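Following: one structure in structure tokens, then a few remarks.
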There are 2 protein chains.
Amino acid sequence: MSSSAQKHDVFQAIADPTRREVLRLLAEKERPISEITAHFPMSRTAIAKHLQVLSEAELVHGQKVGREKIYRLQPEPLTELKQWLSFYEKFWENKLSILKHIVENSEDRRLQVIKSEETDKN
Amino acid sequence: MSSSAQKHDVFQAIADPTRREVLRLLAEKERPISEITAHFPMSRTAIAKHLQVLSEAELVHGQKVGREKIYRLQPEPLTELKQWLSFYEKFWENKLSILKHIVENSEDRRLQVIKSEETDKN
DNA sequence: AGTATATAAAACCATTTGGTTTCATGTCAA
DNA sequence: TTGACATGAAACCAAATGGTTTTATATACT
């Protein structure tokens, strides 16, 4: 892990499952490093580095309070992700509408089958 | 870069800027590897590996046609990302609504300033 | 048939990543 | 003031990542 600021963007920051879990914990409430660490099977140092990556991406912000450093969520950079995603939504929505069409068609066919079976019975 | 299938998820796949650009190119239309490569300052082999990562994440699919391998976008896995994001939307929307409130207030104040300036002129 | 094109596969490499351990420092509490 | 607690900082490490070059193979073209 490194540090030389301005290096990590949102996409990289959320790529790691541990960091995503950290975000989830901070979504609940702000927490000091040690409390966050308690939720993971790794060292405090490792978590501190993850927090630094998240901090570079400005997804969290840490403030020293007494001997603790309290981190809180800063979700704003996620808007960049949302923007990126919105470009692709039309594609999968198209696909879904095609799928919907297929489902509707097959549903029609199934109904026809049922209908013909009913006719067979009679 | 590695390959042993099932390893890369969507979050990792989109973490790399080159791969995001590849996705964008494939969003326009399906393309063979060589055509994709032409858009980047790196070797075809490098691009092929990026395509493999995207493929593992099921964001693209490649089909051999003659001597070419044509890749096309498969945006469906992005729904996972969207779901993940939706959890955080409420947080930044809260923040934005606070911001909106501030902006509206400052807007009011600005208008009051303009108003008073107008009054000054008169 | 012979050559050019498109990709695949493998070996290699430097840097980054995600972790560790160790040691130092600041703060709280008795 | 003396520990105990919370963090910071540095050195270290293995594995993953993002690239390269080289070699091989299948297909298309003339």
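Atom set for the values below is all heavy atoms of this structure, side chains included, hydrogens, waters and symmetry mates excluded. First the proteins, then the strands, lettered A, B, ... as listed; each starts at 1. Fair warning: this is a prediction, and the values are worked out from it, not measured in the lab.
- Taking only side-chain nitrogens and oxygens, A/His8 never comes nearer than 4.0 Å to OP1 or OP2 of C/dT16.
- We find that OH of B/Tyr71 is positioned 10 Å from C1' of C/dT7, with the value rounded to whole Å.
- Rounded to whole Å, the distance from NZ on A/Lys49 to P on D/dA11 is 12 Å.
- Taking 4.5 Å as the limit, every side-chain heavy atom of A/Gln74 sits out of range of all side-chain heavy atoms of A/Leu59.
- The base of C/dT27 lies outside donor-acceptor range of the side chain of A/Lys64, with no N or O pair under 3.5 Å.
- Using a 4.0 Å heavy-atom criterion, one finds that B/Ser34 contacts the sugar-phosphate atoms exclusively.
- D/dT7 atom C1' lies 15 Å from atom CD of A/Glu35, rounded to whole Å.
- Judged by closest nucleotide on DNA chain C, A/Thr18 is the one of A/Thr18 and A/Val65 placed further toward the 5' end.
- B/Ile70 has its CD1 atom 10 Å from the C1' atom of C/dA6, to the nearest Å.
- The side chain of A/Gln12 has C/dT17 as its nearest neighbour among D/dT7, C/dT17, C/dT20.
- Remark: A/Arg24 is not positioned above the aromatic ring of B/Phe87, lacking an NZ or CZ atom under 6.0 angstrom from the ring centre and at most 45 degrees off the axis.
- With C/dT20, C/dG26, C/dT17 as the choices, the nucleotide that has an atom nearest any side-chain atom of A/Arg67 turns out to be C/dG26.
- The phosphate of D/dT20 (OP1 or OP2) has a side-chain N or O of B/Ser43 nearer than 4.0 angstrom.
- Heavy atoms from other residues, nucleotides or ligands lying under 6.0 Å from CD of B/Glu28 number more than 12.
- With C/dT7, C/dG18, C/dT20 as the choices, the nucleotide that has an atom nearest any side-chain atom of A/Asp16 turns out to be C/dG18.
- With D/dA10, D/dT21, D/dT7 as the candidates, the nucleotide lying closest to the side chain of A/Arg44 is D/dT7.
- Each of C/dG19, D/dA10, D/dG8 was ranked by its minimum atom distance to the side chain of A/Thr45; first place goes to D/dA10.
- In terms of polar N and O atoms assigned as donor or acceptor, the side chain of A/Lys69 never comes within less than 3.5 Å of the base of D/dG8 in a complementary pairing.
- Taking 4.0 Å as the cut-off between side-chain N and carboxylate O, B/Glu68 and B/Arg31 do not count as a salt-bridged pair.
- Here the side chain of B/Arg19 is nearest to one of D/dG18, D/dG19, C/dT7, namely D/dG18.
- Closest to the side chain of B/Ile33, out of C/dT20, C/dT7, D/dG19, is C/dT7.
- With hydrogens and angles disregarded, a donor-acceptor distance shorter than 3.5 Å links the side chain of B/Arg19 to the backbone of B/Ala13.
- Salt bridge annotation for A/Lys49-A/Asp16: absent, with no cationic side-chain nitrogen under 4.0 angstrom from a carboxylate oxygen.
- Of the candidate nucleotides C/dG18, D/dT20, C/dA6, C/dA6 has the atom lying nearest to any side-chain atom of B/Glu68.
- Of the candidates D/dT22, D/dG19, D/dA11, the closest approach to any side-chain atom of B/Met42 belongs to D/dG19.
- Taking atom CZ of residue B/Arg31 and atom P of nucleotide C/dA6, one finds them 15 Å apart after rounding to whole Å.
- One can place CD of A/Gln52 at 10 Å from C1' of D/dA9, the figure rounded to the nearest angstrom.
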